[in-house]
Each structure stands twice: as structure tokens, then as C-alpha cells.
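Some notes on the structure that comes next.
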Number of protein chains: 2
Amino acid sequence: MARKIDEDKIKRIKEATMKTIVDFGIESTTIAMIAKNADVSGGYLYRTYSGKQELINELFYEKVIALNNELAFLLSLNPTSIQPLLKTFIANRIVYFLNEPIASNFFYQLLHNDNFKLTGDLQQSVVNMMQKIKSIGIKSGEISEKITLFNLYFYILIYPVDYIHFKRKNIFESNVINTNDITSLTSTILNILKN
Amino acid sequence: MARKIDEDKIKRIKEATMKTIVDFGIESTTIAMIAKNADVSGGYLYRTYSGKQELINELFYEKVIALNNELAFLLSLNPTSIQPLLKTFIANRIVYFLNEPIASNFFYQLLHNDNFKLTGDLQQSVVNMMQKIKSIGIKSGEISEKITLFNLYFYILIYPVDYIHFKRKNIFESNVINTNDITSLTSTILNILKN
DNA sequence: AATATATGAATAAACATTCATTCATTTATT
DNA sequence: AATAAATGAATGAATGTTTATTCATATATT
């Protein structure tokens with residue numbers, strides 16, 4: 001065998017990619033900047049990724065899949081109420097934002113970039129989970145019949161992320177995101193879904 | 001005088017810029033693409049704008065200022081209830097989306113790009129308007145005392161835009177945005193603000 | 001003819017990507 | 001145990017492409 005792979009390099013590349021995009025925007029991030037921030041040679045990236053786009057794609061879908069799995073796990077517990085599911089899911093978003101602000105920010109940026117869309121099977125998985133949540137919520141009386149699957153998707157998966165990140169960059173009162181937001185976001189969403 | 005300025009060119013450049021960014025993303029949009037789509041020579045742009053960034057900036061802030069003025073106008077009517085104000089504002093967002101999908105989409109993309117932020121005086125203007133809306137809403141009983149200025153800002157200015165655009169690209173039921181969304185969005189937001 | 005608009009080829013800088021080379025580590029041979 | 005050979009990791013200068021921007025020139029208008 002030859003020299004050992006420095007596993008840390010890939011980790012550093014991922015982190016540097018996210019940080020550079022968060023700091024300068026996807027439009028001005030270059031491979032050279034990423035390599036420099038990761039303290040890795042310019043060409044190293046191409047050993048693992050076929051190029052810049054693939055690297056960014058993989059980082060984004062990694063996170064999308066993690067979110068998908070997280071929700072799937074919460075549903076696998078067969079809850080009879082959506083309140084605890086929603087509260088846990090929102091708490092996780094806030095904890096993630098607090099613990100990994102760069103990754104959280106990176107994900108938020110790409111979430112609104114039309115060039116990144118869900119692939120077919122992930123789409124189907126999300127649709128199935130929303131259907132499951134809807135039937136639980138209707139049975140428990142927490143969700144109005146009028147709520148569409150899109151509404152559920154928007155209020156559970158998109159809205160909390162948006163809220164957190166707009167609060168982060170907001171222009172008003174000094175707004176630190178904290179655990180109080182878990183309760184208020186959860187109750188706001190539950191309230192919306194009831195009507 | 002000499003040759004007349006073809007005023008239409010600037011309009012075409014603006015439209016081509018928005019369309020190109022909507023179609024390919026800000027990260028892959030080039031001056032050459034914009035010029036081609038606008039049917040204008042490559043260098044023409046530099047007659048009016050100092051460069052690519054300034055062009056995009058100006059387009060974005062034009063829209064931000066228009067939104068600001070729209071809300072300022074609605075407030076200048078000295079309403080005693082926020083319901084009609086909110087309903088009109090949301091209706092305008094939906095009409096804008098339906099009539100000018102490209103411009104609407106362009107604005108939505110940049111709204112979530114951290115490189116585009118409100119300048120000082122626009123910030124102040126927004127803060128003032130939110131304060132005014134809050135005092136009207138509290139007097140009329142439509143807004144809970146607990147609602148922060150950030151909440152108002154988020155639910156009035158950000159949330160409807162996000163909702164419309166996520167519905168546009170959504171993965172569920174065939175979702176055509178239409179005038180029904182005006183009523184449902186308005187009542188959802190009023191409901192949120194009450195609690 | 002004078003003057004300002006408009007063009008697009010030319011330029012130079014920035015960029016992603018490649019690849020010859022170096023280097024660290026393991027394995028085989030003595 | 002010492003040394004050599006083999007392997008594949010890692011580098012970063014070189015390459016060719018893409019890009020924003022400039023500017024000499026052409027064109028239209030008065």
C-alpha cells in the first residue's frame with residue numbers, strides 16, 4: 001500500500017466549500033478559494049469530486065437526505081399526535097442552526113436556488129411522509145381537512161428554516177435564535193394547520 | 001443632437017438579465033448570455049451600468065424600493081384595520097407573480113441571497129412602517145401584543161413571496177397559483193398575528 | 001459635417017481542470 | 001534489520017477556456 005488517505009482533507013474541503021459559499025455567495029466562490037480555505041492543493045478536489053458542481057450538489061443532497069431520514073425516523077415511531085413530532089423536528093432545526101451555523105446557512109441558501117431540486121425518489125418519499133402526517137393529524141384532530149400536502153410540506157420543512165434564517169439576518173430588535181423559538185414556532189405551525 | 005438612444009435596449013437588458021438568472025442561476029449567468037438574450041452588443045451594457053454586479057444590484061433594489069413604496073402608499077391612506085392593507089398587498093404579490101413571472105422569480109431568488117441586503121435608509125423605512133402597522137393592529141385588536149416587529153416583517157413581506165414561489169415549484173398536487181390564494185394567505189397571516 | 005449612439009473584436013484577468021512530478025507508506029527481498 | 005521496489009496520495013505549475021471589460025470603429029441622427 002501507499003501513503004494513507006488523509007480523511008480529514010475531505011472533511012476540510014466540505015467545510016471550506018460551505019464556508020466560502022456562505023461568505024461570498026455561490027456565484028463568486030472559486031475552486032482556488034475553496035482549496036485555500038481547506039488548506040489543500042488546488043487539484044486535490046478532483047480526486048474525490050468530478051468538479052465544482054458535483055461537490056456542491058453532493059453537499060446539498062447529503063443534507064436533504066439527512067432531513068428526509070430524520071422525518072422518516074420520527075414517523076417510524078408511529079406517533080398518534082403530530083405535536084411532538086413537529087416540536088422535535090423544529091428543535092432539531094434550531095439546534096442545528098446553533099451548533100453548525102455554516103452548514104445550516106449553506107443549506108438555507110441552496111434551498112431557494114432553483115438549480116437544486118429534489119430527485120424523483122426523494123420527492124416520492126416526501127410525498128408519502130406528508131400523506132402519513134396528514135392522516136395522523138386528521139385522526140387526532142390537529143390538522144384541518146382543508147390542508148393540502150403542499151401546505152404540510154411548506155409549513156413543516158420550509159417555513160421553520162426560513163424563519164430561523166430571516167431572524168438571523170434581520171434588521172430589527174437584537175434577535176438571537178434560542179430555544180424559546182421552538183415553542184413559539186411549533187405552536188404557530190400547529191395553529192396554522194388547524195385552520 | 002446625434003443619434004437617438006434606443007430606450008428599448010435598456011428594457012431588453014433588464015428583462016434578459018432577469019430571465020437569464022431565473023433560467024440558469026446567478027452563478028452561471030454571463031454578460032455574453034445577457035447581451036445575446038437582449039439582442040444587444042456585448043459592450044452596450046457598460047454604457048448604462050458600470051458592470052454586471054451593478055446591473056443586478058440595481059434591478060434588485062428597484063424592486064425592493066417599489067415594494068417599500070407600495071406599502072408606504074397603503075399606509076398613507078391611514079387605515080384603521082390591517083386586514084384590507086394585508087389583503088391588497090398579498091393580492092399585488094400574486095398579480096405580480098401571474099403577470100410578471102420572470103421578474104417575480106428573479107426577486108424571489110435574490111431575496112434569499114445573503115449578498116443582497118437592505119441599505120440603511122430602506123431598513124429604517126421598513127422598521128417605521130412595521131411600527132405603524134403594529135400600532136394600528138393593536139388598536140384594532142388584530143395583532144397580539146406579543147408579535148415582534150420582526151414577526152410582522154417576516155409574515156407580511158417575506159412569507160407571502162416564499163409561499164407563492166414554493167407553490168410554483170412544488171412537487172405535489174398540480175398547483176396553480178390563483179386568486180383563491182389571496183383569501184387563504186390573508187386569513188392565515190391574520191390568524192398568526194392574532195396569537 | 002458634427003456628434004452621440006452602438007457595435008463587436010480585442011484584451012487581459014480569472015477560472016476550472018489536468019497532469020507530470022514528488023512524497024509518504026507499505027511490501028518484498030536480502 | 002536493512003534496503004529497495006512498488007503503490008497510490010498529494011501537489012501545484014501549466015493549460016486552455018471562459019469571462020468581464022475596453023476601445024477603435026461604424027452607424028444613425030440632426
Side-chain angles (χ1 to χ4, degrees), chain A residues 1-62 102 106 109-110 113-116, chain B residues 1-62 102 106 109-110 113-116:
Chain A
M1 243 197 257
R3 184 172 177 176
K4 274 187 214 144
I5 293 185
D6 185 350
E7 294 290 349
D8 199 50
K9 277 198 167 61
I10 292 172
K11 201 179 149 207
R12 259 153 47 212
I13 287 175
K14 286 182 176 182
E15 273 163 10
T17 304
M18 295 192 288
K19 178 153 173 48
T20 313
I21 287 178
V22 165
D23 287 348
F24 300 98
I26 193 171
E27 65 271 23
S28 8
T29 294
T30 67
I31 291 282
M33 288 160 91
I34 293 171
K36 197 183 172 183
N37 284 339
D39 194 22
V40 152
S41 67
Y44 184 77
L45 242 125
Y46 292 88
R47 170 164 288 279
T48 318
Y49 301 99
S50 78
K52 186 185 171 184
Q53 202 53 50
E54 207 214 60
L55 164 62
I56 298 173
N57 271 351
E58 196 174 309
L59 279 171
F60 181 65
Y61 287 114
E62 238 174 47
I102 292 165
F106 169 80
Q109 296 270 339
L110 294 200
N113 187 317
D114 278 6
N115 294 334
F116 296 88
Chain B
M1 244 198 254
R3 186 171 174 176
K4 274 186 212 145
I5 293 184
D6 185 350
E7 294 290 350
D8 199 49
K9 279 198 166 62
I10 292 172
K11 203 180 147 205
R12 262 156 40 214
I13 288 175
K14 286 182 175 181
E15 274 162 8
T17 304
M18 294 192 289
K19 177 153 173 49
T20 313
I21 286 178
V22 165
D23 287 347
F24 301 98
I26 194 170
E27 63 272 21
S28 8
T29 295
T30 69
I31 291 283
M33 287 160 91
I34 293 172
K36 197 184 172 182
N37 284 339
D39 194 23
V40 151
S41 67
Y44 184 78
L45 242 125
Y46 292 86
R47 169 164 289 278
T48 318
Y49 302 99
S50 76
K52 184 185 171 183
Q53 203 52 51
E54 206 213 62
L55 164 62
I56 298 174
N57 272 351
E58 196 174 310
L59 280 171
F60 181 66
Y61 288 114
E62 237 173 48
I102 292 164
F106 169 80
Q109 296 270 338
L110 294 200
N113 187 316
D114 278 5
N115 293 335
F116 296 89

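So that the names make sense, note that chain A is the first sequence line, chain B the second, and so on, each numbered from 1. Basis for what follows: all heavy atoms, side chains included, without hydrogens, waters or symmetry-related copies.
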Reckon A/Thr29 touches a base, only the sugar-phosphate, or nothing at all at heavy-atom distances under 4.0 Å?
-> sugar-phosphate

State, with a plain yes or no, whether a side-chain heavy atom of B/Ile56 is found less than 4.5 Å away from one of B/Phe116.
-> yes

Can you list, pair by pair, the side-chain donor-acceptor contacts under 3.5 Å of residues 14-22 of chain A, counting residues two or more places apart and other chains?
| unit_1 | atom_1 | unit_2 | atom_2 | d |
| --- | --- | --- | --- | --- |
| A/Lys14 | NZ | A/Glu62 | OE2 | 2.8 |
| A/Thr17 | OG1 | A/Ile13 | O | 2.7 |
| A/Lys19 | NZ | A/Asp23 | OD2 | 2.8 |
| A/Thr20 | OG1 | A/Ala16 | O | 2.5 |
| A/Thr20 | OG1 | A/Asn37 | ND2 | 2.9 |

Using atom types as modelled, flag every donor-acceptor pair under 3.5 Å from a side chain in residues 44-52 of chain B to any protein atom, sequence neighbours excluded.
| unit_1 | atom_1 | unit_2 | atom_2 | d |
| --- | --- | --- | --- | --- |
| B/Ser50 | OG | B/Glu54 | OE2 | 3.4 |
| B/Lys52 | NZ | B/Thr29 | O | 2.7 |

[atom1] of [X] versus [atom2] of [N]: gap in Å, rounded?
X       : N      : atom1 : atom2 : value
B/Leu55 : D/dT21 : CG    : P     : 10 Å
B/Lys36 : C/dA9  : NZ    : P     : 13 Å
B/Lys9  : C/dG8  : NZ    : C1'   : 13 Å
A/Ile31 : C/dA16 : CD1   : C1'   : 7 Å
B/Ile34 : D/dT18 : CD1   : P     : 18 Å
B/Lys52 : D/dT21 : NZ    : P     : 8 Å

If you round to the nearest 0.5 Å, how far is CD of B/Glu27 from CG of A/Asn115?
-> 5.0 Å

Here the gap from A/Leu110 atom CG to A/Tyr61 atom OH, rounded to the nearest 0.5 Å, amounts to 9.5 Å

Could I get the full list of salt bridge (charged side-chain N to carboxylate O under 4.0 Å, His left out) partners for B/Asp114, not counting sequence neighbours?
-> A/Arg168, A/Lys169

Does B/Asp39 have any side-chain contact (heavy atoms from CB on, under 4.5 Å) partners at least two apart in sequence or in another chain, and if so, which?
-> B/Arg12

Please lay out, stage by stage, how B/Asn113 and B/Gln109 fare under the test side-chain contact (heavy atoms from CB on, under 4.5 Å).
-> CA-CA 7 Å; B/Asn113 187 316; B/Gln109 296 270 338; over 6 Å; no

DNA chain C contacts made by residues 41-49 of chain A, counting heavy atoms under 4.0 Å = A/Gly43, A/Tyr46

Sorted by number, residues from residues 10-26 of chain B placing a heavy atom under 4.0 Å from DNA chain C are none

Which nucleotide, C/dT7, D/dT11, D/dA20, lies nearest any side-chain atom of A/Val40?
-> D/dT11

